[in-house]
Q: 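Attaching a single structure in structure tokens format; questions to follow.
Please read these numbers as outputs of a predicted model, since none were measured by experiment.
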Amino acid sequence: MAPLNETLNPNTPLAFLPPDLGREVQVGGFVLVGTLGAYIWDILCNLDNDYKLLSKHRVGFASLVYFVSRLGSLMYILSATLFETFPLGKACAPVSTFIGVCYTIAVPGTCLLFFLRARAIYNKHTILVLFFFMAWLSVLGTATLVTFIATAANIGPTDFCIDVSVKSFASAATITPLVHDTIIFVAISLRLFRNSHVTRGNFRAFVTGEYLPQFSKAILKDGQLYYLVAVTSNTLVTVMFYNTRVALAYRTMFTVCNIMITNAMACHVFRNTKFGLDKMGSSEHSTSGAPSVPGHVHYTVQRVTRADADTETSIVHLPQSKGARPDVIAMHDMDKGHVL
């Protein structure tokens, strides 16, 4: 039987790590590969929708942010996966820096989609919009720190890479998006709730959107879904980062999953709002001149002809139901900032 040191494969990086650390690095690589596959699948499933955004709409600022955030997230997940699984040789440190640059694009880009959503609703409230923008700038500022938080090195004499240390302030990059999303979500929900003019069942209406018009309710539900995913994912990343009882590979690998989930959900919400508005804008009903019926409020859905794909505007008068008065919702142009 050959001696143990002669049976080791010098090209196997796990042979140069302690057994526990080697297993954790291997599991982390599996998670990253699975995350990359899931995100590519999400992109492929939405190629038709993305084509519609490009071919049937003018590509304004909001759509540009959408595609940049998608590209940044893909590059981040891909580069992080290659860092863990591909022999990069002497490029470990440059690739680690590139991962940080991609993070600076992916996370602020995803949060910017949520900020534009709030800016469209609070367009006439300059101070509030400025406050929301400052919250987004905090996300951008902490995201830029990711470029400098990790120290990469080769595993033994192999060409494979590993992070040997991470700065303690790295968690700020996950805390500020959580705070930003909370501020935006609460602000949007409050504005939609105020538009409902509900006189009873206030908390229930705030949570469920029961008294809101259809389009406003869809906005609220999509926002709730995104926020639930974002807060769960960001909280998990923060808790794992401060859990020093597990290896560094476990503490950081959920960051990649977090990017994939939050960006996929934010883009899903963006597409829902865009195409949902198109459906509302394509139909036109008028009941002017109809006989008055006690207890019933006639309504019109005004068709808005838009060459601008990033117009998030519709004016809706809905029938009175469950104590709600006729509602008028104005979603503002995300490029020009005015009410149509």
Q: Are there over 12 heavy-atom neighbours, none belonging to Phe86, within less than 6.0 Å of that residue's CZ?
A: no
Q: What I'd like to find out is whether the side chain of Leu32 reaches to under 4.5 Å of the side chain of Leu36, using heavy atoms alone.
A: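 Sidechains of Leu36 and Leu32: no contact.
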Q: Does atom CG of Leu44 have more than 12 heavy-atom neighbours from other groups under 6.0 Å away?
A: yes
Q: Given the rule that I, L, V, M, F, W and Y join up when any side-chain heavy atoms are under 4.5 Å apart, are Ile43 and Leu78 in one cluster?
A: yes
Q: Closest heavy-atom contact between Ala135 and His180?
A: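 Closest approach of Ala135 to His180, heavy atoms only: C-CD2, 3.7 Å.
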Q: Would you say that Phe254 contacts Val31 through its side chain, given a criterion of any heavy-atom pair below 4.5 Å between the two side chains?
A: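 A side-chain contact under 4.5 Å is absent here.
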Q: When rounded to the nearest 0.5 angstrom, what distance separates OG in Ser233 from CD1 in Ile261?
A: 4.5 Å
Q: Compute whether any side-chain donor of one residue and acceptor of the other, for Thr147 and Thr97, lie under 3.5 angstrom apart.
A: no
Q: Is Val256 linked to Val239 within one hydrophobic cluster, defined over Ile, Leu, Val, Met, Phe, Trp and Tyr using a side-chain heavy-atom separation of less than 4.5 Å?
A: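 Different clusters.
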Q: Determine the minimum heavy-atom distance between Ile259 and Ala106, stating which atoms define it.
A: CG2-CB, 4.2 Å
Q: Are the side chain of Tyr122 and the backbone N or O of Ala187 linked by a donor-acceptor pair below 3.5 Å?
A: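 Yes, because the side chain of Tyr122 sits within donor-acceptor range (under 3.5 Å) of the backbone of Ala187.
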Q: With the side chain counted from C-beta on, respond yes when Ser96 and Cys161 share a heavy-atom pair under 4.5 Å apart, and no when they do not.
A: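 No. Closest side-chain heavy atoms not under 4.5 Å.
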Q: So, Thr176 and Ser138: side-chain donor and acceptor under 3.5 Å apart, yes or no?
A: no
Q: Would Asn154 and Asp159 count as having a side-chain donor-acceptor pair, cut-off 3.5 Å?
A: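 Checked: Asn154/Asp159 side chains show no N/O donor-acceptor pair below 3.5 Å.
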Q: Of the non-hydrogen atoms in Val146 and Ala173, which two are nearest, and what is the gap between them?
A: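 Heavy atoms of Val146 and Ala173 come nearest at CG2-CB, 3.7 Å.
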Q: Is Asp181 close to Cys111 at the side-chain level, that is, under 4.5 Å between some pair of heavy atoms?
A: yes
Q: Taking the six-membered ring for Trp and the single ring otherwise, decide whether the centroids of Phe132 and Phe115 are under 6.0 Å apart.
A: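 No, they do not, as the ring centres are separated by 6.0 Å or more.
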Q: Minimum heavy-atom separation for Val237 and Thr255, please, with both atom names.
A: CG1-OG1, 3.7 Å
Q: Using the ring of each side chain (for Trp, its six-membered ring), is Trp136 parallel, tilted or perpendicular to Phe133, with breaks at 30° and 60°?
A: parallel
Q: Mind checking whether Met134 and Ile183 have side chains closer than 4.5 Å, heavy atoms only?
A: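 A side-chain contact is absent here, since even the closest heavy-atom pair is not under 4.5 Å.
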Q: Does any donor atom in the side chain of Thr110 or Asn263 lie under 3.5 Å from an acceptor atom in the other side chain?
A: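 Yes, a side-chain donor-acceptor pair sits under 3.5 Å.
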Q: Looking only at non-hydrogen atoms, find the nearest pair between Phe83 and Cys92 and report the distance.
A: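 That closest heavy-atom pairing would be CE1-O, 3.6 Å.
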Q: Has Thr151 got a side-chain atom pairing as donor or acceptor with Val164's backbone, closer than 3.5 angstrom?
A: no
Q: Looking at Ile184 and Phe114, what are the two nearest heavy atoms and their distance?
A: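 Between these two residues, the closest heavy atoms are CG2-O, 3.4 Å.
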Q: So, do Ile155 and Leu14 sit near enough that their side-chain heavy atoms are less than 4.5 Å apart?
A: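 No, too far: nothing below the 4.5 Å cut-off.
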